[in-house]
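The structure under discussion appears below in the form of structure tokens.
Every chain is numbered from 1, with letters handed out A, B, ... down the list of sequences.
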Number of protein chains: 2
Amino acid sequence: MSEDAPIDAKRLQKRRAQEDSNIFVRLPAAYAASRVQGRRFLQHGGDLSIVEWRTLWDLHEAGPMTIRDLANIQRTDHSLLSRALPQMRDKGYVTMTRGLEDARQIIVTLTEKGADAYAKAAPIMARRRAALREEFTDAEIAVFIGFLDRLDDFLRRPVEDLLQMETVK
Amino acid sequence: MSEDAPIDAKRLQKRRAQEDSNIFVRLPAAYAASRVQGRRFLQHGGDLSIVEWRTLWDLHEAGPMTIRDLANIQRTDHSLLSRALPQMRDKGYVTMTRGLEDARQIIVTLTEKGADAYAKAAPIMARRRAALREEFTDAEIAVFIGFLDRLDDFLRRPVEDLLQMETVK
DNA sequence: AGAAAATATATGACTTGTCACGTATAATTT
DNA sequence: AAATTATACGTGACAAGTCATATATTTTCT
């Protein structure tokens, strides 16, 4: 084997710059930062986990619903809720009752204690959203969301389709 | 306790709509979808993990570098690489040698086998980026990246600052 | 009515990512 | 030169998320 090639600082810098404009690199990083920031905010508001916060918020806003409904609104996998909810029930934040009409379903309902936990975290999280709105105008947010809509569509297209695609450009 | 409130389909729909325009909900969902799509593409190109692919790509583009350099370019935590690299070395994709000038560092270098694995996955992943460029113009990508830059800045500001902020609006 | 298909939930195994902390080495200060 | 501080890496513990598979219940089809 040949002797070690040296580290080339210029090539690294160039590579870093390339990756800076790669959506598939920036998206994970932005998400990770968002998760960290979310957790830090929540530490100031009763130390809920992110999943717990989202769930309390949704239940507060929309009333009782099934696990699937929660997963749907949160755009996440039901298994995440399936695992988190028993703990939330044990903490007294929610009740879980089997559906009367459809016995497959679990109806999740906010308890008073859950509403209290929500009330404690809510103003902190409202501040977060308010702070975001000082960085981005409503119009910008709308464009941003529009991009995410289109990106979502793209990301959910079957890989086979995309691979077969004639790359015209 | 009062009897169970019924599920209110209209409220659920409204809540779903609200969350649809919440950046903090859409970002995780978009990232998760991106990760799934990335993995599916990689299954067509030698079954690398996402971390492995990123690492082979960076090493191919920029030559040998330290673990910290890799983490830096990928905008991720060094511990992720610290765990992934020994496995990549065992698979024969990279070598890890202690830095001569700075003995704290590990210099990661692509092997021939690593270059082969890269060459196998690269055209598939290039297709992915090409497909994305058919959905978004270069100008749109630039705006998108600009949003992500600004979002990153926001997400990295200390929570205390944001909480103390007078929310003027 | 009975069989087949679809749906709701639970659970094990896995990946990506963070943080905190420990250890070794290098750089800086006194 | 010695002591302090900073940096690079490794590792344990955790969170958020996916997927596949199993089970129970509904719905649909014959």
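Under the 6.0 Å distance and 45° angle rule, Arg39(B) does not count as a cation-pi partner of Trp53(B).
Rounded to an integer number of Å, the gap from Gln43(A) CD to dA15(D) P is 12 Å. Atom CD in Gln87(A) sits roughly 13 Å away from atom P in dA10(C) (whole-Å rounding). Atom CG of Asp47(B) and atom P of dT15(C) are 11 Å apart (whole Å). dT18(D) atom P lies 14 Å from atom CD of Gln37(B), rounded to whole Å. The distance between atom CH2 of Trp53(B) and atom P of dT16(C), rounded to the nearest whole Å, is 14 Å. As a whole-Å value, the separation of Gln74(A) CD from dT18(D) P is 11 Å.
Judged purely by distance below 3.5 Å, without hydrogens or angles, the side chains of Arg89(B) and Tyr93(B) never pair a donor atom with an acceptor atom. A donor atom on one side chain and an acceptor atom on the other are not found under 3.5 Å apart for Gln37(B) and Arg40(B).
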Letter by letter from the 5' end, nucleotides 7-13 of chain D scores (B base, S sugar-phosphate only, - none; protein heavy atoms under 4.0 Å) BSBBBBB
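The closest donor-acceptor contact from the side chain of Arg26(B) to the backbone of Asp20(B) lies under 3.5 Å.
Using a 4.0 Å heavy-atom criterion, one finds that Glu101(B) contacts the sugar-phosphate atoms exclusively. Among the protein residues, Arg75(A) comes within range of no part of the nucleic acid, since none of its heavy atoms lies under 4.0 Å from any strand.
Between Gly99(A) and Tyr31(A), the residue anchored nearer the 5' end of DNA chain D, judged by the nucleotide with its closest heavy atom, is Tyr31(A). Map Arg39(B) and Ala33(A) each onto its nearest nucleotide of DNA chain C; the residue landing nearer the 5' end is Arg39(B). Heavy-atom distances to DNA chain D give each of Arg40(B) and Ser49(A) a nearest nucleotide, and the one nearer the 5′ end belongs to Ser49(A).
Regarding contacts with the backbone of dA15(D), every side-chain N or O of Arg54(A) stays at 4.0 angstrom or more from both OP1 and OP2.
Listed by chain and residue number, Lys10(B), Arg11(B) satisfy the side chain to side chain contact (heavy atoms under 4.5 Å, CB included) test with Asp8(B) (two or more places apart in sequence, or in another chain). Applying the side chain to side chain contact (heavy atoms under 4.5 Å, CB included) criterion to Arg150(A), with sequence neighbours excluded, gives Phe147(A), Phe136(B), Glu140(B).
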